[in-house]
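What follows is a short report on a single structure.
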Amino acid sequence: MATGYAELLRARHAVRLLAGTLVGRLPNATGPIAIALFVRAEGGSMTLAGALSAFYGLATALGQPMLGRLVDLFGQPRVMLPAAVLSALGAGTLALTGVGLLPLAFGCVLVFGVCTPPLEGGLRALWPSVLRRQEQVHTAYALDAVAQEVMFAAGPLLVTLLVAGWSETAALLVVNALGVLGALSVVLSPPSRRWRSAPRTPHWLGALRSPGLKVMLASFFFVGLALGTFALAAVSYADDHGDTLISTYLLAAQGAGALVGGVVYGGRGWPGSHEGRLLALVGLFAAGNLPLALVPGVPPMVALGALSGCFLAPSLACAFVVVDRHAPSGTVTEAFSWLVTTFGVGAAAGTAVVGTVLESAGTGAGFALAGAGGLAALGVMLAGRRALRLPEGDARGAVTGSPARPPGGETPRPEAETRAPGAQTDRNGEPEPGFRSSL
């Protein structure tokens with residue numbers, strides 16, 4: 001397992017792309033808490049802090065697939081760098097003008113969120129050009145999911161440290177400056193500069209014209225709902241036991257479970273089709289969340305929290321492979337961005353709904369809602385099995401489609417098929433630094 005990850009990280013550009021993407025996504029990971037802390041420091045109410053944080057989440061959900069489609073059309077540097085700069089300007093203007101003028105504050109948050117660059121989807125589109133073997137691409141998806149768990153845990157901690165050592169305004173400015181630097185590192189890399197999407201058939205639905213992708217999006221809305229529900233239910237459980245730190249233990253346990261599950265999943269090969277494996281993983285994710293409704297004592301509850309996270313990162317890693325296989329030609333970044341958006345909207349919906357459930361029916365019912373979200377995700381997958389089934393000739397490994405013709409209409413040589421799908425060859429049959437995605 002360690003050898004596989006070490007080999008992946010030794011690949012040229014791999015560390016730079018992974019690190020740059022994680023740093024570039026810091027504003028996204030910290031946006032809600034940074035906005036809330038800033039609003040409170042400016043004397044705003046908790047209602048206003050919550051409204052602006054929620055508005056940021058909705059703006060990001062709107063912007064990701066839109067920018068993803070633009071990336072597929074025009075390439076990564078032309079879209080991602082201007083978007084990162086505009087997003088940082090929105091956050092910076094909010095930090096410098098405050099919340100005295102509410103229309104201006106909401107406008108700044110709108111720009112901050114809508115212009116968040118789709119770095120996550122962009123990275124997954126780049127992996128086949130960096131990693132030459134299919135199994136390495138699968139490992140990269142798993143490592144990416146694990147790294148995100150670490151980032152979403154470390155990001156809020158960074159904001160807290162900046163607030164303690166400096167100020168809320170500084171935290172908002174510094175995190176977004178780091179985000180621009182991360183995006184800059186990615187888009188200046190050779191794989192990003194040379195990447196081009198496959199030729200696409202113009203269609204107003206873009207990636208959403210794929211039936212299999214729509215099944216995936218519906219399913220992972222409920223996976224996100226389960227995750228968002230867990231966070232607030234953990235706070236309620238801590239209140240019931242009179243110790244606010246307990247919620248931290250539960251959230252940390254779930255994150256640790258996801259980290260371990262992702263590392264184990266990505267460290268070896270697995271039998272069967274990706275679609276069948278994803279169905280099993282979503283089922284295990286649902287089963288891992290159901291026992292939470294028992295709300296036992298703290299030590300067993302922490303163990304159940306870890307169990308609930310074990311199949312989260314593997315499900316996400318496998319989901320991105322399946323999305324890759326079902327995305328229509330030329331829509332890879334948009335398709336990835338839709339999955340990220342749907343998952344995030346589901347988490348926000350879970351957070352919004354579970355509050356009422358907790359107040360009316362108690363902590364156990366709140367955790368039961370997380371289990372129900374997992375079951376609903378599984379139900380959608382089962383109902384959409386037919387849409388997820390690819391024809392035999394279409395089972396294409398890590399990236400969908402037979403290798404696309406390189407510029408000039410030449411067909412890649414047969415030996416290119418031993419590399420990761422999507423990797424291109426030049427006229428001499430040697431791998432090109434960039435690639436034209438076979439999606």
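Quick caveat, the model's predicted, so the values are computed rather than measured.
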| request: Go through Leu292 and Met301 one step at a time and tell me if the side-chain contact (heavy atoms from CB on, under 4.5 Å) criterion holds. | output: CA-CA 7 Å; Leu292 293 169; Met301 192 64 178; 3.9 Å; yes
Give a yes or no on whether the backbone of [Y] and the side-chain of [X] come within a donor-acceptor separation of less than 3.5 Å.
X	Y	result
Ser210	His326	yes
Arg40	Ala49	no
Thr341	Ser337	yes
Thr21	Leu18	no
Ser247	Ala238	no
Thr93	Leu89	yes
Arg69	Thr331	no
Trp270	Tyr265	yes
Asp144	Ala140	no
Ser360	Thr356	yes

Interatomic spacing from [atom1] in [X] to [atom2] in [Y] - rounded to 0.5 Å:
X	Y	atom1	atom2	answer
Trp166	Leu173	CH2	CG	8.5 Å
Ser189	Leu126	OG	CG	6.5 Å
Asp240	Ile246	CG	CD1	9.5 Å
Leu178	Asn176	CG	CG	9.0 Å
Gln76	Leu67	CD	CG	12.0 Å
Leu284	Leu312	CG	CG	12.5 Å

[Y] and [X], any side-chain heavy atoms less than 4.5 Å apart:
X	Y	value
Gln64	Val114	no
Val79	Pro117	no
Leu52	Tyr56	no
Leu304	Pro296	yes
Met80	Leu119	yes
Leu245	Tyr249	yes
Leu378	Leu279	yes
Arg124	Val332	no

| According to the interplanar angle, ranging from 0 to 90°, do the rings of Phe55 and Phe106 count as parallel (below 30°), tilted (30 to 60°) or perpendicular (above 60°)? |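 Geometry flag for Phe106 against Phe55: perpendicular rings.
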| field | Lys/Arg N to Asp/Glu carboxylate O, Arg325 vs Glu275, below 4.0 Å | value | yes
Pair [X]-[Y], side-chain donor/acceptor within less than 3.5 Å:
X	Y	answer
Gln254	Ser308	yes
Asp72	Thr333	yes
Asn28	Thr116	no

Taking all heavy atoms of [X] and all of [Y], pick out the closest pair and write down the distance.
X	Y	value
Thr30	Val159	CB-CG2, 3.5 Å
Thr342	Leu217	CG2-O, 2.9 Å
Gly262	Ala142	O-CB, 3.7 Å
Gln136	Leu131	O-CD1, 3.5 Å
Ala286	Leu375	CB-N, 3.7 Å
Val354	Gly366	CG2-CA, 3.8 Å

| task | Could you please spell out the steps behind the side-chain contact (heavy atoms from CB on, under 4.5 Å) verdict for Tyr237 and Val298? | result | CA-CA 9 Å; Tyr237 181 85; Val298 175; 3.9 Å; yes
| said: Tell me if the aromatic rings of Phe336 and Phe320 count as close, with their centers under 6.0 Å from one another. | reply: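 Aromatic pair counts; centres sit under 6.0 Å.
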| task | Please test Phe230 against Leu251 for side-chain contact (heavy atoms from CB on, under 4.5 Å), starting from the C-alpha separation and ending with a verdict. | result | CA-CA 8 Å; Phe230 179 91; Leu251 292 169; 3.9 Å; yes
| request: For Leu316 and Phe285, run side-chain contact (heavy atoms from CB on, under 4.5 Å): C-alpha distance rounded to whole Å, both residues' side-chain angles, the deciding distance at 0.1 Å, then the answer. | output: CA-CA 11 Å; Leu316 286 170; Phe285 172 78; over 6 Å; no
